[in-house]
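Residue numbers start at 1 and run along the sequence shown.
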Amino acid sequence: MRRTRALRALAGAVLTGAALLATAGTATADDPSASPGTGGEGGAPTAAGTTFRLATAIRQGERAAAEGSAGDYFYWVFPADAGQRVTVTATVKLPESAGRQGASRWRIDVHDGLRRRQACVHGSQTRSVPADAASVQLACTLRTVRAWAEPWSDAPLPGSYYIRLTVVDLPQRDLGLPVRAEIEATSVDAGGAHAVDGKLSTPLVPLTVTGPRDEGGDGDTSQEEQGEPEEQERDEAVAAGAPENGWSSGWWTDRWLWTAAGGLLAAFTTAAGYNLARGPGRRPGIRA
C-alpha cells in the first residue's frame, strides 16, 4: 500500500514538472519578440540615414526601405533587448544590367550602442553579384543579447543597434547609379539558457537616435511643434531607441520555472525513495 502511494506521489511529481515546463515553452512561443511581425505596412520608414548620428529609427518586425545611389552609406537603428537573438536581412535592388559595367560586392554591418561592430554568427554578411544580377540579399544573425557583461567584453548588450549597408567594390563608372535597399530586423527569444546574473543600469541608447522617419503623414507641421523645448526633444530621442513595450527588468527568465520544477521533482523523489527504502515496518498489533 505504501509503495503504491509512493509511486502515485512520484507520478504526480513528474506530471507537475511536465506541466510547468510546458507552460514555460508556451510563454516563450507567445513572446512578442519572437514574432517577426508584418512588414511593409503603413508607417514603415522610407528613408535611411547617412551617418550614425542620422540613422533612421526602425522597429523590429517592420520592413523599411530607402532609395539612394551606389556608393552611399545607408544607416538604420533599432532596439534589441536582453535574451533576443537578432537577425538582420537586407535586399538591394540593382539597376538594369544594361547600365552597369561589372560585378559588385555589397556588405552589411551591425554595430551596438557603443558603435562596436558585432560579429555575425550566421548569414551572408558580404556577397558579390555579377553584372546581370537584379538584386542581392544579405543577412546577419548576431549573438544573443546579454543582460550584462564584463566591461572588456564585446558581447551584445541591451540598447540600440545600428545597421550599415553599403557597396564595398564596384566599377568606378557604376558609382551613383540608383539603387533601392530594403531592411528588416527580427528576433527570437533565446530562453533562460542564455540568462546571466546582473543587468545594465541603463541600456546603450545614444541620445542621437533621432534620424529621419517617414510616418506617412501629410508633412504639415505647425510652428509650435517645430519649436519644441530642448527637454522634450531629449525625451523623444531616448524614446526613439526603446522597444514598444519598454526594456525588460532583467530578473525574470524561464530559468525560474526550470528551477522550481527541479526542486519539486527532487522533493517528491526524495519522499518516494524514503518510503520505498523504509519498507513495510512493524505490523500494527504485534508487540515486541
Side-chain angles (χ1 to χ4, degrees), residues 33 35-81 84-94 106-120 122-127 135-143 145 156-168 178-188 203-217 236-245 247:
S33 65
S35 177
T38 57
E41 296 182 354
T46 57
T50 55
T51 64
F52 281 104
R53 295 177 60 86
L54 298 177
T56 298
I58 64 174
R59 293 185 293 267
Q60 290 192 28
E62 67 178 2
R63 192 168 186 83
E67 294 183 355
S69 302
D72 291 344
Y73 284 93
F74 298 86
Y75 286 86
W76 295 269
V77 60
F78 67 93
D81 209 347
Q84 294 182 344
R85 184 181 294 114
V86 179
T87 297
V88 178
T89 57
T91 301
V92 181
K93 297 182 179 180
L94 305 173
W106 293 79
R107 180 182 178 89
I108 186 174
D109 292 302
V110 182
H111 300 253
D112 63 9
L114 298 178
R115 300 187 185 178
R116 302 176 301 180
R117 190 176 71 85
Q118 294 295 320
C120 300
H122 298 292
S124 301
Q125 183 180 8
T126 303
R127 176 168 290 182
S135 63
V136 55
Q137 294 182 348
L138 306 169
C140 175
T141 300
L142 303 179
R143 294 171 293 173
V145 179
L157 296 171
S160 298
Y161 281 80
Y162 295 91
I163 305 172
R164 182 174 65 185
L165 173 67
T166 188
V167 61
V168 294
V179 295
R180 176 180 174 84
E182 298 179 355
I183 200 79
E184 184 178 11
T186 58
S187 66
V188 296
L204 303 179
V205 181
L207 296 180
T208 57
V209 182
T210 56
R213 181 179 180 85
D214 185 4
E215 296 291 350
E236 290 182 355
V238 175
E244 293 182 356
N245 299 326
W247 300 104

Can you name the salt bridge (charged side-chain N to carboxylate O under 4.0 Å, His left out) partners of [X], sequence neighbours left out?
X      : result
Asp72  : none
Arg116 : Asp112
Arg164 : Asp109

Taking the six-membered ring for Trp, are Tyr75 and Phe52 closer than 6.0 Å centroid to centroid?
yes

[X]: side-chain contact (heavy atoms from CB on, under 4.5 Å) partners, not counting sequence neighbours:
X      : result
Leu204 : Leu114, Leu157, Leu200
Thr126 : Arg105, Arg107
Thr89  : Arg63, Thr87, Ala139, Glu184
Thr51  : Arg53, Leu54

Enter the distance from [X]:[atom1] to [Y]:[atom2] here, rounded to the nearest 0.5 Å.
X      : Y      : atom1 : atom2 : answer
Glu62  : Ile183 : CD    : CD1   : 12.0 Å
Arg143 : His122 : CZ    : NE2   : 12.0 Å
Gln118 : His111 : CD    : NE2   : 9.5 Å

Under the side-chain hydrogen bond (donor to acceptor under 3.5 Å, both in side chains) test, residues paired with [X] that sit two or more places apart:
X      : result
Arg117 : none
Ser135 : none
Trp76  : none

Would you please test Val86 and Phe78 for side-chain contact (heavy atoms from CB on, under 4.5 Å) and show each step?
CA-CA 11 Å; Val86 179; Phe78 67 93; 3.6 Å; yes

For the pair Tyr73 and Thr50, evaluate side-chain contact (heavy atoms from CB on, under 4.5 Å) and give the outcome as yes or no after the intermediate values.
CA-CA 6 Å; Tyr73 284 93; Thr50 55; 5.8 Å; no

Nearest atoms (heavy-atom pairs only) where [X] meets [Y]:
X      : Y      : value
Thr166 : Gly71  : OG1-O, 4.3 Å
Ala119 : Leu142 : O-CD2, 3.7 Å
Pro203 : Gly159 : CB-CA, 4.2 Å
Pro158 : Asp81  : CB-OD1, 4.0 Å
Ala181 : Leu165 : CB-CD2, 3.6 Å

Is Thr56 reaching over with its side chain to a backbone N or O of Ala47, donor-acceptor style, under 3.5 angstrom?
yes

Side chain proximity check, Val88 to Tyr161, heavy atoms < 4.5 angstrom
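In short, these two side chains do not touch, never coming nearer than 4.5 Å.
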
Run the numbers on Ile108 and Ile163 for side-chain contact (heavy atoms from CB on, under 4.5 Å), then give the verdict.
CA-CA 7 Å; Ile108 186 174; Ile163 305 172; 3.8 Å; yes

Stepwise side-chain contact (heavy atoms from CB on, under 4.5 Å) test for Val92 and Phe74:
CA-CA 11 Å; Val92 181; Phe74 298 86; over 6 Å; no

Is a donor from one side chain sitting under 3.5 angstrom from an acceptor on the other, for Arg127 and Gln137?
no

